> 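One structure follows; several queries about it will come next.
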Amino acid sequence: MIQASHAAELKTPNPILPRWIMDGSVAETPETAGFASGSALALLHVALADPNINVPTELLRNRLALRAAAHCLKLEGRGQSEADIRDAYLLAAQGDAMGPAGDMFALWRAGSAISLKQANWQDRLRNLLPGDMQEQWPDWIDLLTKRPGNPVAHACSVLSTIVRDFPRQEAVSLLCADTVLAGGLGWERPFPLFGLHLNRKVFRDIADGADVQIACHNAVARAAQDVVRLAHDLARRAAHLRAVKPKLRTKGSQDAVCLFLSEDAVLPSTMLSPTIRGSSTAMTPRSARRLCERLIELGVVKELTGRSSFRIYGVA
């Protein structure tokens with residue numbers, strides 16, 4: 001029965017996406033750009049909401065936060081890889097400085113975790129902003145989220161306003177744009193989309209007073225395509241991991257599997273032991289190591305660092 005269920009879960013179909021969306025072509029007019037972004041966002045919305053696909057949304061959101069952090073560091077002229085960023089975030093001791101890479105990842109993780117269904121979500125977003133931006137927090141962000149119409153255009157307006165007022169806050173402007181976009185789409189939490197593809201030229205154009213709506217639509221369309229592909233890929237991998245849960249005998253293994261299904265990377269020494277993060281279940285360091293080794297044997301988890309001094313694991 002387990003094998004049959006596993007096979008059924010792994011037959012999740014690939015996304016059926018038209019070539020005119022998925023070929024990466026750039027739309028050159030507001031109408032075609034808006035049509036492309038709207039179509040890609042609609043496909044993403046369906047993928048996220050389809051219980052038959054069963055996307056692990058927290059894992060997806062954290063994976064995208066890592067990618068957005070890498071992209072924003074590149075915008076700032078820094079060259080850290082995703083592995084460098086992950087190390088900076090996970091390996092810093094509590095209370096120690098994580099450095100620019102770890103701080104950037106923490107920003108995107110925190111921003112992506114904001115629940116837009118809570119009445120105080122604006123306050124949570126405001127608390128992520130630099131002090132000078134908090135002092136000048138404008139009322140227009142609340143107004144924009146409540147307007148009917150095109151969510152991408154509204155998010156682009158937020159992005160442009162922040163960039164012109166605070167030209168060195170690219171990451172924060174992208175995070176705010178993604179938050180407004182998610183609100184306009186009716187999503188509970190943001191997904192990094194603006195934060196994945198907008199390049200330096202767009203920021204220079206904004207500073208020069210140019211209208212960048214076409215560029216924003218195209219960037220969101222490309223990002224949504226990428227996320228649809230990633231969502232289906234992670235759904236298949238998550239189905240494989242869920243299917244082996246009955247084979248695990250280690251105490252706390254079920255809570256550990258839930259952690260792997262929500263985190264892009266798991267550091268056993270802090271996230272599985274002495275207590276599995278997100279639960280009250282205790283796990284010894286030895287049990288954590290043995291569980292990770294067993295998950296690797298089953299082909300559902302992989303070691304991400306290739307190092308012997310410390311090991312970080314993620315869904316395979």
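Everything quoted here is computed from the prediction, not taken from an experiment.
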> Sorted by first residue and then second, give each salt bridge (charged side-chain N to carboxylate O under 4.0 Å, His left out) pair with at least one member in residues 173-185; sequence neighbours left out.
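As it turns out, there is no salt bridge (charged side-chain N to carboxylate O under 4.0 Å, His left out) pair with a partner in residues 173-185 once direct neighbours are skipped.
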
> I'd like to know if D205 and K201 make a salt bridge, using a cut-off of under 4.0 Å between side-chain N and carboxylate O.
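Yes, this pair counts.
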
> Provide the closest heavy-atom pair for S112 versus A65 in the form atom of the first, atom of the second, distance.
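Looking at all heavy atoms of both residues, the closest pair is OG-CB, 4.4 Å.
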
> Testing the basics here: between I276 and G252, what is the closest heavy-atom pair and its distance to 0.1 Å?
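Reported closest heavy-atom pair: CD1-O, 3.2 Å.
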
> Please report the interatomic distance CD(E188) to CD1(I114), rounded to the nearest 0.5 Å.
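Between atom CD of E188 and atom CD1 of I114 there are 12.5 Å.
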
> Are F310 and S269 side-chain neighbours, meaning at least one heavy-atom pair lies under 4.5 Å?
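No, their side chains stay 4.5 Å or more apart.
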
> Looking at every heavy atom in both G299 and H240, which two are closest together, and how far apart are they?
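Shortest heavy-atom contact: O-CE1, 3.6 Å.
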
> For residues G102 and A88, report the shortest heavy-atom separation together with the two atoms involved.
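That would be N-CB, 3.7 Å.
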
> For residues L248 and V257, determine if any side-chain heavy atom of one lies less than 4.5 Å from a side-chain heavy atom of the other.
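Yes, at least one pair of side-chain atoms sits under 4.5 Å.
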
> side-chain hydrogen bond (donor to acceptor under 3.5 Å, both in side chains) for S157 and S160? Distances and angles first, verdict last.
CA-CA 5 Å; S157 176; S160 298; over 6 Å; no

> Do R277 and D255 have side-chain heavy atoms sitting under 4.5 Å apart?
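No, every pair of side-chain atoms sits at 4.5 Å or beyond.
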
> Roughly how far, to the nearest 0.5 Å, is the CG atom of L196 from the CD atom of Q225?
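Taking CD in Q225 and CG in L196, the distance rounds to 12.0 Å.
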
> Donor-acceptor check, side chain of E31 to backbone of A33, threshold 3.5 angstrom: yes or no?
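No, the answer is negative, given that no donor and acceptor are paired below the 3.5 Å cut-off.
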
> How far apart are the C-alpha atoms of C156 and V212, what are their side-chain angles, what is the distance that settles it, and do they pass the side chain to side chain contact (heavy atoms under 4.5 Å, CB included) test?
CA-CA 8 Å; C156 180; V212 296; 3.8 Å; yes

> Looking at CD of E82 and CG of L304, how far apart are the two atoms once the value is rounded to the nearest 0.5 Å?
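Separation between the atoms: 11.0 Å.
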
> Could you tell me whether E170 and K74 make a salt bridge, using a distance below 4.0 angstrom between a side-chain N and a carboxylate O?
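Salt bridge flag = no for K74 with E170.
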
> Answer whether the closest heavy-atom distance between the side chains of P192 and R67 falls below 4.5 Å.
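Result no, sub-4.5 Å side-chain heavy-atom pair not found.
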
> Within the structure provided, determine whether W187 and L116 are in side-chain contact (heavy-atom separation under 4.5 Å).
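No, too far: nothing below the 4.5 Å cut-off.
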
> Among L174, L66, I85, L128, find the residue that satisfies the side-chain contact (heavy atoms from CB on, under 4.5 Å) test when tested with W108.
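For W108, the side-chain contact (heavy atoms from CB on, under 4.5 Å) test succeeds with only one of L174, L66, I85, L128, which is L174.
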
> Can a donor-acceptor pair be found, under 3.5 Å and without considering hydrogens, that links the side chain of N127 to the backbone of D123?
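Answer holds: yes.
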
> Decide salt bridge (charged side-chain N to carboxylate O under 4.0 Å, His left out) for E263 and R109; before the verdict, give the C-alpha distance in whole Å, the side-chain angles of both, and the deciding distance to 0.1 Å.
CA-CA 11 Å; E263 289 289 349; R109 280 177 58 94; 2.9 Å; yes

> Give a yes-or-no answer on whether the side chains of T29 and T32 include a donor-acceptor pair shorter than 3.5 Å.
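Yes, T32 and T29 have a side-chain donor paired with an acceptor closer than 3.5 Å.
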
> Take D233 and R237, measure what salt bridge (charged side-chain N to carboxylate O under 4.0 Å, His left out) needs, and give me the verdict at the end.
CA-CA 6 Å; D233 179 59; R237 296 173 188 274; 2.8 Å; yes

> Give me the one residue out of V301, L272, I312, V266 that meets side-chain contact (heavy atoms from CB on, under 4.5 Å) with C292.
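The passing option is L272.
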
> Treating N218 as the side-chain partner and I214 as the backbone partner, does any N or O pair qualify as donor plus acceptor under 3.5 Å?
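The answer is yes, because a donor-acceptor pair under 3.5 Å joins these two groups.
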
> Is a side-chain donor or acceptor of Q169 paired with a backbone partner of V172 at a separation under 3.5 angstrom?
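Absent.
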
> Could you check Y313 against I296 for side chain to side chain contact (heavy atoms under 4.5 Å, CB included), going step by step and ending with a plain yes or no?
CA-CA 9 Å; Y313 301 88; I296 289 176; 3.5 Å; yes

> Hey, what do you get for CD (Q118) to CZ (R124), rounding to the nearest 0.5 Å?
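Rounded to the nearest 0.5 Å, the CD-CZ separation comes to 6.0 Å.
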
> Is there a side-chain contact between C176 and T179, using heavy atoms and a 4.5 Å cut-off?
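Counting from C-beta outward, C176 and T179 never come under 4.5 Å.
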
> Taking the six-membered ring of F191, is the NZ or CZ of R61 close enough (under 6.0 Å from the centre) and on axis enough (within 45°)?
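Yes, R61 sits over the ring of F191.
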
> Can you check whether Q213's main-chain N or O pairs, donor with acceptor, with D211's side chain at less than 3.5 Å?
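Such a contact is found between D211 side chain and Q213 backbone.
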
> Contact between M133 and D165 at the side-chain level, heavy atoms closer than 4.5 Å - yes or no?
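Answer no - side chains too far apart.
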
> With a cut-off of 6.0 Å (strictly less than), are more than 12 heavy atoms of other residues, nucleotides or ligands near NZ of K251?
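Open: at most 12 neighbouring heavy atoms sit under 6.0 Å from NZ of K251.
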
> Which atom names give the shortest non-hydrogen contact between M283 and S253, and what distance separates them?
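Between these two residues, the closest heavy atoms are CE-N, 4.4 Å.
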
> Between D264 and V315, is the side chain to side chain contact (heavy atoms under 4.5 Å, CB included) condition met? List the steps.
CA-CA 7 Å; D264 172 67; V315 174; over 6 Å; no

> We want to know whether D226 and H197 form a side-chain donor-acceptor pair, criterion being a heavy-atom distance below 3.5 angstrom.
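Yes, side-chain donor-acceptor contact under 3.5 Å.
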
> What distance do R189 atom CZ and W121 atom CH2 have between them, rounded to the nearest 0.5 Å?
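That separation rounds to 13.5 Å.
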
> The test is salt bridge (charged side-chain N to carboxylate O under 4.0 Å, His left out); show your working for E293 and R290 and say whether it passes.
CA-CA 5 Å; E293 290 169 359; R290 292 183 62 182; over 6 Å; no

> Nearest 0.5 Å, please: how far is CZ in R126 from CG in N120?
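One finds 10.0 Å between CG of N120 and CZ of R126.
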
> Run the side chain to side chain contact (heavy atoms under 4.5 Å, CB included) check on E76 and M104 step by step: do they pass?
CA-CA 11 Å; E76 294 181 353; M104 183 67 78; 3.3 Å; yes

> Is any side-chain heavy atom of L261 closer than 4.5 Å to a side-chain heavy atom of E58?
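Side chain of L261 against side chain of E58, heavy atoms only: no contact under 4.5 Å found.
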
> Ignoring hydrogens, what is the shortest heavy-atom contact between S173 and F203? Give both atom names and the distance.
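Between these two residues, the closest heavy atoms are OG-CE2, 3.7 Å.
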
